[in-house]
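Being a predicted model, the structure only gives us computed values, none of them experimental. When reading the values below, keep in mind they use all heavy atoms of this one structure, side chains included, and skip hydrogens, waters and symmetry mates.
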Amino acid sequence: MASFFDDDQPSNLTEFSVSELSGSIKRTIETAFDQVRVRGEISGFRGQHSSGHAYFSLKDDKARIDAVIWKGSFSKLKYRPEEGMEVIATGRITTFPGSSKYQIVIEQMEPAGAGALMALIEERKRRFTAEGLFDPAAKQLLPFLPKVIGVVTSPTGAVIRDILHRISDRFPVHVLVWPVKVQGEGSGDEVANAINGFNAFQPDGVIPRPDVLIVARGGGSLEDLWSFNDEAVVRAAAASAIPLISAVGHETDWTLIDYAADVRAPTPTGAAEMAVPVKADLEAQLAGLAARLAGAVNRQMDHRRQNLRALARALPSLDQLLALPRRRFDEAASGLGRSLELNTMTKRQSYERAAAKLSPDMLVRRLVERRQRVNERAALADRIIERLIERQKAHLGRIDATLTAVPARLKAQTGRSRDRLDSFSRRADSAVINDLRRARSTVSAHDRMLQSLSYKNVLMRGYAVIRGEDDRPLSRAAGLEDGRAIAIEFADGRVSAVTGDGDKASPSPQAAPATTAPAKPNPPPKLPKKSESPAGQGSLF
């Protein structure tokens, strides 16, 4: 039996062109589904296109359908579509012959509640936030100039090429790529294992440990990016000890890894720009800083040189520096003689005042006062001792009268006490005698000192004292007028004289006698003899 599809058998099927068949399908679908209401979750919404139209998808847990809102209908919507929003869309089904796809042209749309996937993301976000995985305080700072960069992405996509190209253009460094699946079943576990694997590298190992990690993927729908909402990926990113940059999707795409990462980049290219600086800019900045430093040093040196020159001009000459000290030295030298004379006069006046206070009469008076005080104390001591002896005798008499009636044993003890008392009495007499001897020695020493300080001893060596009319000693010849009467005191007496010039003729006997009879010298104060005592008291010496 010949086959129905044999080439040699004529076919009764109508032959259509591709355009005719696509057009027929389009008319059939538009006729059958002219007005429909569809409930689904918005996915892949990127906002309005530059033309004003909006392209996205409606999906549920089993299927998805492309959707489009034309520019005229978009402006009439009461609620703006948002990614993940569950909506009820009213429109018609049509096809696009150019790609053999069907889609719904939405004319009206109203929200129907949060989508299932978005609700799951929100629930995970709240749980991870409560655990502290998204805490901003735990974020790490990116290194300024990393030596090694680890990239977790697909090795075959355009993302890795964009990252490598951008890094090589800005600042070429060592890049380690950990190839993973970024979409589909098991992709989340691969990404988490890659992050943990990079963190397991040792700093001094065979494979260098990265200084920063980049987790990257291109744009896509919520289902395409679902791997980066996986719990294992979020926990691995939050626990990474290496600073991590999240570059998943486009700028409008948000996944949970963006919250757990240390830094979020809007695109994979932006992540490469965040990871490394521009080498040319750094070199230019370094060159600029070096030029500024050199210029600053030169300007500072010029400024210091100008200041040094100004200071050198302001410095006075050597003669100017020494003029004032030289003048001060001359003034001091000229005033030195006068100062010495004034100092000598001041010292002489001070000495004369002190010498006037040290007169022999004063010393004699003090010696007499001291001797009288010693005699009074000796007399008082005698009276005190006599009283003590009388008291002791009276006391002993009373004791002796009391002890006459006691036994012989007590009499013997009383005898010993009497002996001790006699011994004490003898010791007291001896002490008083010793004190009187010491006082006599002190008075004798004072007397000898008075005799040694007396000016009479000086006169015995050939000196004389010149006294004026008021009988006061004269120490200087200046101020004496001619013809004044003076007295000259020698050791054995006084003589009178008249002042005058020795070169002139001697005055007539009527003017003034050449000499006079020796005047009777003033006798020194009579001291009491050692054998005599004042006030009729017996001598203690």
### Task
For Thr269 and Ile163, run side chain to side chain contact (heavy atoms under 4.5 Å, CB included): C-alpha distance rounded to whole Å, both residues' side-chain angles, the deciding distance at 0.1 Å, then the answer.
CA-CA 6 Å; Thr269 304; Ile163 292 176; over 6 Å; no
(message) Against the six-membered ring of Phe171, is Lys279 placed for a cation-pi contact (under 6.0 Å from the centre, within 45° of the normal)?
(response)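 Here Lys279 passes the 6.0 Å and 45° test against Phe171.
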Query raised in the report: Is it true that Asp302 and Arg305 have a side-chain N and a carboxylate O under 4.0 angstrom from each other?
Result: yes
field: Cationic N near anionic O, under 4.0 Å, Asp253 to Arg46
entry: yes
Do [X] and [Y] come close enough that some side-chain heavy atom pair is under 4.5 Å?
X: Val276; Y: Pro146; answer: yes
X: Ile149; Y: Leu176; answer: no
X: Met109; Y: Ile69; answer: yes
X: Ser187; Y: Val182; answer: no
X: Ile384; Y: Leu380; answer: yes
X: Glu86; Y: Arg39; answer: yes
X: Val212; Y: Val148; answer: no
X: Ile242; Y: Arg209; answer: yes

Are a donor atom and an acceptor atom from the side chains of [X] and [Y] found within less than 3.5 Å of each other?
X: Thr94; Y: Glu30; answer: yes
X: Asn229; Y: Thr255; answer: no
X: Gln183; Y: Arg217; answer: yes
X: Lys181; Y: Ser154; answer: no
X: Arg37; Y: Thr90; answer: yes

Output the distance between atom [atom1] ([X]) and atom [atom2] ([Y]), rounded to the nearest 0.5 Å.
X: Gln35; Y: Gln108; atom1: CD; atom2: CD; result: 7.5 Å
X: Asp262; Y: Ser246; atom1: CG; atom2: OG; result: 10.5 Å
X: Thr28; Y: Phe33; atom1: OG1; atom2: CZ; result: 10.5 Å
X: Ser73; Y: Lys71; atom1: OG; atom2: NZ; result: 12.5 Å
X: Thr14; Y: Leu21; atom1: OG1; atom2: CG; result: 11.5 Å
X: Phe198; Y: Ser240; atom1: CZ; atom2: OG; result: 10.5 Å

Within 6.0 Å of [atom1] in [X], more than 12 heavy atoms from elsewhere:
X: Phe74; atom1: CZ; result: yes
X: Leu311; atom1: CG; result: yes
X: Glu15; atom1: CD; result: no
X: Arg127; atom1: CZ; result: yes
X: Gln140; atom1: CD; result: yes
X: Phe201; atom1: CZ; result: yes
X: Glu131; atom1: CD; result: yes
X: His165; atom1: NE2; result: no

Are the side chain of [X] and the backbone N or O of [Y] linked by a donor-acceptor pair below 3.5 Å?
X: Arg92; Y: Val36; value: no
X: Asp66; Y: Gln103; value: no
X: Ser75; Y: Gly72; value: yes
X: Asn199; Y: Ile195; value: yes
X: Glu107; Y: Gly91; value: no
X: Ser24; Y: Glu20; value: no
X: Ser334; Y: Asp330; value: yes
X: Asp211; Y: Lys147; value: yes
X: Asn343; Y: Ser339; value: no
X: Thr346; Y: Leu342; value: yes

Exercise. List the steps, then state whether salt bridge (Lys or Arg N to Asp or Glu O under 4.0 Å) holds for Arg235 with Glu231.
Key: CA-CA 6 Å; Arg235 294 188 180 278; Glu231 182 174 354; 3.0 Å; yes
What do the steps show when you test Tyr259 against Trp254 for side chain to side chain contact (heavy atoms under 4.5 Å, CB included), and what is the final call?
-> CA-CA 9 Å; Tyr259 298 100; Trp254 280 87; 3.9 Å; yes
Quick one: closest heavy-atom pair of [X] and [Y], and the distance?
X: Asp258; Y: Arg264; result: OD2-NE, 3.3 Å
X: Ile160; Y: Val151; result: CD1-CG1, 3.9 Å
X: Gly249; Y: Pro268; result: O-CD, 4.1 Å
X: Ala232; Y: Asp189; result: CB-OD1, 4.3 Å
X: Phe134; Y: Leu256; result: CE2-O, 3.9 Å
X: Ala89; Y: Ile106; result: CB-CD1, 3.7 Å

Given the rule in the side chain to side chain contact (heavy atoms under 4.5 Å, CB included) test, do Val175 and Val177 qualify, once you have shown the distances and angles that lead to the verdict? CA-CA 6 Å; Val175 179; Val177 180; 4.2 Å; yes
| task | Decide side chain to side chain contact (heavy atoms under 4.5 Å, CB included) for Ile104 and Val38; before the verdict, give the C-alpha distance in whole Å, the side-chain angles of both, and the deciding distance to 0.1 Å. | result | CA-CA 9 Å; Ile104 178 173; Val38 180; 3.8 Å; yes
Check against salt bridge (Lys or Arg N to Asp or Glu O under 4.0 Å), Glu331 and Arg327: CA-CA 6 Å; Glu331 292 177 353; Arg327 180 176 178 181; 3.3 Å; yes
